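As the structure lists them, so they are numbered: ligands from 1, and atoms in each ligand from 1. Because the structure is a prediction, the values reported are computed rather than measured. Numbers here are sequence positions counted from 1.
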Amino acid sequence: MGFEPSGSRPVILDSDPGVDDALAIMLALGSPELEVLGICTVSGNVPLDTGTGNALKVLALLGRNEIPVYPGAGGPIRKEAVYATEVHGPEGLGDSALPMPCRSTSGDAVSFIVETLRARPGEVTLIAVGPLTNLALAEARAPGVLKKAREVCAMGGAVDEPGNVTPVAEFNFFADPDAARRVVRSGAKITLAPLDVTHRVALEGSQLARMPATHAGRFVKEAVRPAMELAMRLQAGPRFFLHDPLAVGLAIDPSFFRIETVFADVETEGDLTAGQVVADRRAFRADGDRTGLPVRCALDVDAGRFMALFLSRVFSEAV
Ligand code: RIB
Ligand code: CA
């Protein structure tokens, strides 16, 4: 297993930009193995309109205004919307101040996902790095459509790792647990990058000084700064977890990861449990007698190898 041949893997990136979403966009567009068909946006880290504007800003920074952007759901399926502006800043891209390009979006995310998967069954990978609302709405509109994806690579959940919003829930699954359950139960080929791996790969404060003096380098430094300062205040050290880029890494080369198939489902109820990934690893049980469906979960990663790939791809051009 290794890198995909150049341009061989068409992907749709569904995101809630968000700083690490922006880094995921930069990694995806800097990776020759991937052909980014479009970027969908969803309410999550910030309200939908803010996140959509951020996707447009980052594409302009990269000189990639030809990549279409499709806004999606303005909130979760059932729950009240929650945001993560304490991490990403009120505008969602930290302290950066990118100009808003003069261009429009290209249509509706759910329609784009459904139409693309129907037109190219088995070919397109969905890389989901925000709450899974758009994917769940696509499945509700066209039952079985997610199974037409080559793979769903999603940043979300926590299997053996504590949560980051509650003791057991990760933000994307907490923000819309109903959507996460619908996607897990869709029967699609799902590969998760849960907190089990994303808590093992972080940009460190010491790396910021070595960022290239390019537009991309300055953007990354400014974007991650507030989150790093928050981590410092929490005595967690100046670091920024590369949650969303790791989901892109699953599509680039899964050999970075140790992936285990786990029977799992998502809890949607409970003040203490909503958004929890419930993995059935009981011994002496036939698979047919387990709770949940088989989900591929990345539970370990070669952090050094991934970081080297990330830095080389994100800063590959003097942008
Ligand atoms: O828990 C981390 C996830 O929540 C990332 O996708 C981050 O962008 C936020 O959406
Ligand atoms: Ca995200």
**Request:** Answer yes or no for D16: is there an N/O/S atom below the 3.0 Å cut-off from the Ca ion (ligand 2)?
**Result:** yes
message = For a quick check under 3.5 Å, do R218 and S96 share a side-chain donor-acceptor pair by atom type?
response = no
| Is there an N/O/S atom in V129 at a distance below 3.0 Å from the Ca ion (ligand 2)? | yes
May I ask you to check whether H88 and N45 show a side-chain donor-acceptor distance below 3.5 Å?
yes
Minimal heavy-atom distance between A84 and F171, with the atoms involved, is CB-CE1, 4.0 Å
Requested in this report: Verify, without hydrogens or angle tests, whether E170 (side chain) and G157 (backbone) share a donor-acceptor contact under 3.5 angstrom.
Outcome: yes
Contacts for ligand 1, heavy atom under 4.0 Å, by chain and number, are D16, D20, D21, N45, H88, V129, M155, N164, E170, F171, N172, H243, D244
Side chain to side chain donor-acceptor pair (under 3.5 Å) between E267 and T273: does it pass, once the steps are laid out? CA-CA 6 Å; E267 177 54 67; T273 54; 5.0 Å; no
Closest to the Ca ion (ligand 2), among the N/O/S atoms of D244, is atom OD2
I'd like to know if the side chain of D176 pairs up with that of T133 as donor and acceptor (distance under 3.5 Å, no hydrogens or angles considered). yes
task: May I ask you to check whether R285 and T291 show a side-chain donor-acceptor distance below 3.5 Å?
output: no
